[in-house]
Q: 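Got a structure here, written out as structure tokens. Questions coming.
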Amino acid sequence: MIVKSQNDIPASEITDPLIFKQRRRIIKAMLATTIAGVGTSAVADDKSIGTNLPKGDFSGELLTPSPANLIKNYTNYYEFAFNKEDSTTLAQSLRIDPWSVEISGEVEKPGTYALEDVLRQQTLKEHIYRFRCVEAWSMVIPWVGFSLRDLLKSVKPLSTARFVKFTSVYQPEAMPRQRANAMLDWPYVEGLRIDEAMHPLTLLAVGMYGDFLPKQNGAPLRLVVPWKYGFKSIKAIVKIELLKTPPTTSWNKFSPGEYGFYANVNPSVAHPRWSQYSERQLGSGFFTPRRRTELFNGYGEQVASLYTDMDLRHFY
Ligand code: MTE
């Protein structure tokens, strides 16, 4: 992970309402500011962005982002399709402007917040994280976003808030699998325990590779929880609820024996149909050996303390 503090500029300082009236322009300016100083252009073409970004610090190891065109063209977005190519194309019909997020439940300041107002309060930073899918492939992605906890703190969670539920957009006219009522109960829902949600590694992302999030990767706002399997990182978030009890989540409801609520990356807990011991690193050379999967995806130093009293085999 890298955090470029010397380049952090609160969005409020760069958003002159007379100049930046439209959301895209505001975010674009913020992204450009975030990326400035990195030594690469925010609008460079995909091929060069992936390789020119600085290497991230990861458990003492340097992380090189996977090629951008790979992650943008190999997506899991089941509202659109069950394969990774069609979901990329079909997602272009999603309407993402205007966008707002409803925050409710155990908070002092519930409300429906326009995305541009949320972003005005936040400082965007770039974070290079490993991303490990439950399907046993992985990538390294330079996200642009802010810590979820900064947003949660701004709405003042009550002491009764113990879980956070996230809901994706319901847009059946654009999303063929929602229209067909296929597979999951729509909309897509995910959840975290409050201490997981408040962990500084847990991000809300609005960009990647120095630009907006592409629609297929969860625009305009998605969750990123780097020590958990990718299905926890819910896309196109429209609702965040703070709850007293654990929410029912989409994949856990669909197949509880395969997809646990916690979904922490764990090489010693196999999926019932395949091992999680190692992973295929997408974008690496043909002869690159599979990588041994690390507990908590390598973020154990930062997050293991959240789970000290838990049997991770039982709470998978
Ligand atoms: N969020 C929504 N709304 N719908 C989805 O189908 N797929 C999840 C997660 N978030 C999904 C989602 C899964 S299974 C993975 S692995 C990641 O998004 C994939 O993110 P990517 O397509 O940006 O690589």
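Atoms within each ligand, like the ligands themselves, are counted from 1 in listed order. On a predicted model such as this, the values are computed, not experimentally measured, just so you know.
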Q: Check contact between Cys133 and ligand 1, using heavy atoms of the residue and a distance below 4.0 angstrom.
A: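 Yes, Cys133 has heavy atoms under 4.0 Å from ligand 1.
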
Q: Could you list all the side-chain hydrogen bond (donor to acceptor under 3.5 Å, both in side chains) pairs where at least one residue sits in residues 153-167, not counting sequence neighbours?
A: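 Of all non-adjacent pairs touching residues 153-167, those that pass side-chain hydrogen bond (donor to acceptor under 3.5 Å, both in side chains) are Glu106-Thr160.
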
Q: Quick test: of every protein heavy atom, which one is nearest to atom 10 (N) of ligand 1, and how far off is it to 0.1 Å?
A: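 Ranked first by proximity to atom 10 (N) of ligand 1 is Ser233 O, 2.9 Å.
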
Q: What is the closest protein heavy atom to atom 21 (P) of ligand 1, and at what distance does it sit?
A: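 Nearest neighbour among protein heavy atoms for atom 21 (P) of ligand 1, to 0.1 Å: Lys235 NZ, 3.5 Å.
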
Q: State yes or no: do Tyr316 and Tyr262 share one hydrophobic cluster built from I, L, V, M, F, W and Y residues joined by side-chain heavy-atom distances below 4.5 Å, directly or via other members?
A: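 Per the 4.5 Å side-chain linkage, Tyr316 and Tyr262 are not co-clustered.
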
Q: Checking Ser168 side chain against Pro187 main chain: does a donor-acceptor pair fall under 3.5 Å?
A: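 No: the side chain of Ser168 does not pair with the backbone of Pro187.
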
Q: In ligand 1, which numbered atoms sit nearer than 4.0 Å to a non-hydrogen atom of Ile234?
A: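 Every atom of ligand 1 under 4.0 Å from some heavy atom of Ile234: 1 (N), 10 (N).
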
Q: List ligand 1 atoms under 4.0 Å from Tyr78, heavy atoms only on the residue side.
A: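 Answer for ligand 1: 5 (C), 6 (O).
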
Q: Side chains of residues 229-242: which donor-acceptor pairs under 3.5 Å do they make with residues two or more places apart or in other chains?
A:
unit_1	atom_1	unit_2	atom_2	d
Tyr229	OH	Asn266	N	3.2
Lys232	NZ	Glu190	OE1	2.7
Lys232	NZ	Gly191	O	2.8
Lys232	NZ	Phe261	O	2.5
Ser233	OG	Val225	N	3.2
Lys235	NZ	Asn76	O	2.8
Lys235	NZ	Gln216	O	2.9

Q: Among all protein heavy atoms in this structure, tell me which lies nearest to atom 7 (N) of ligand 1, with the distance rounded to 0.1 Å.
A: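 So the nearest neighbour among protein heavy atoms is Asn76 O, 3.2 Å.
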
Q: Of all the heavy-atom pairs spanning Ala114 and Ser100, show the shortest one and how long it is.
A: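 In this case the closest contact between Ala114 and Ser100 is CA-CB, 3.9 Å.
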
Q: Starting from atom 13 (C) of ligand 1, locate the nearest protein heavy atom and write down its residue, its atom name and how far away it is, to 0.1 Å.
A: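 Residue, atom and distance for the closest contact: Phe231 CA, 3.6 Å.
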
Q: For Asn217, counting its heavy atoms only, list the atoms of ligand 1 lying under 4.0 Å from any of them.
A: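 In order of number, 21 (P), 23 (O).
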
Q: Kindly confirm or rule out an N or O of Ser168 lying under 3.5 angstrom from an N or O of ligand 1.
A: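 Yes, Ser168 has an N/O under 3.5 Å of an N/O on ligand 1.
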
Q: Atom 8 (C) of ligand 1: which of Trp186, Tyr188, Trp143, Phe131 has the nearest heavy atom?
A: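 Ranked by closest heavy atom to atom 8 (C) of ligand 1, first place is Tyr188.
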
Q: Using a strict cut-off of 4.0 Å, indicate which atoms of ligand 1 neighbour a heavy atom of Thr75.
A: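 In order of numbering, the contacting atoms are 22 (O).
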
Q: Would you say the ring centroid of Tyr307 lies under 6.0 angstrom from that of Phe315?
A: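 Not under 6.0 Å, so no.
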
Q: Show the numbers, then the answer: is there a side chain to side chain donor-acceptor pair (under 3.5 Å) between Thr293 and Arg132?
A: CA-CA 9 Å; Thr293 292; Arg132 170 62 157 82; 3.0 Å; yes

Q: With a 4.5 Å cut-off on side-chain heavy-atom distances among I, L, V, M, F, W and Y, is there a chain of contacts connecting Tyr74 to Phe82?
A: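 Same hydrophobic cluster.
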
Q: Could you tell me which non-hydrogen atom of Val144 sits nearest to which non-hydrogen atom of Gly210, and how far apart they are?
A: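 Smallest interatomic distance, heavy atoms only, reads CG2-N, 4.2 Å.
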
Q: Please list the nearest protein heavy atom to atom 23 (O) of ligand 1 with its residue and the distance rounded to 0.1 Å.
A: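 Among all protein heavy atoms, the one nearest atom 23 (O) of ligand 1 is Arg222 NH1, 2.7 Å.
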
Q: Identify the heavy atoms of Pro200 and Ser147 that sit nearest to each other, and give their distance.
A: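 Looks like O-OG, 3.0 Å.
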
Q: To check your reading of the model: name the closest protein heavy atom to atom 4 (N) of ligand 1, its residue, and the distance in Å.
A: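 I find the closest protein heavy atom is Glu79 OE1, 2.8 Å.
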
Q: N/O of Gln216 under 3.5 Å from N/O of ligand 1, yes or no?
A: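 N/O-N/O distance below 3.5 Å does not exist for this pair.
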
Q: If the contact criterion is a heavy-atom separation under 4.0 Å, does Gly218 count as touching ligand 1?
A: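 The answer is no, since Gly218 has no heavy atom less than 4.0 Å from ligand 1.
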
Q: Tell me which protein heavy atom sits closest to atom 17 (C) of ligand 1, plus the residue, atom name and distance to 0.1 Å.
A: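 The closest heavy atom on the protein side is Gly230 O, 3.5 Å.
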
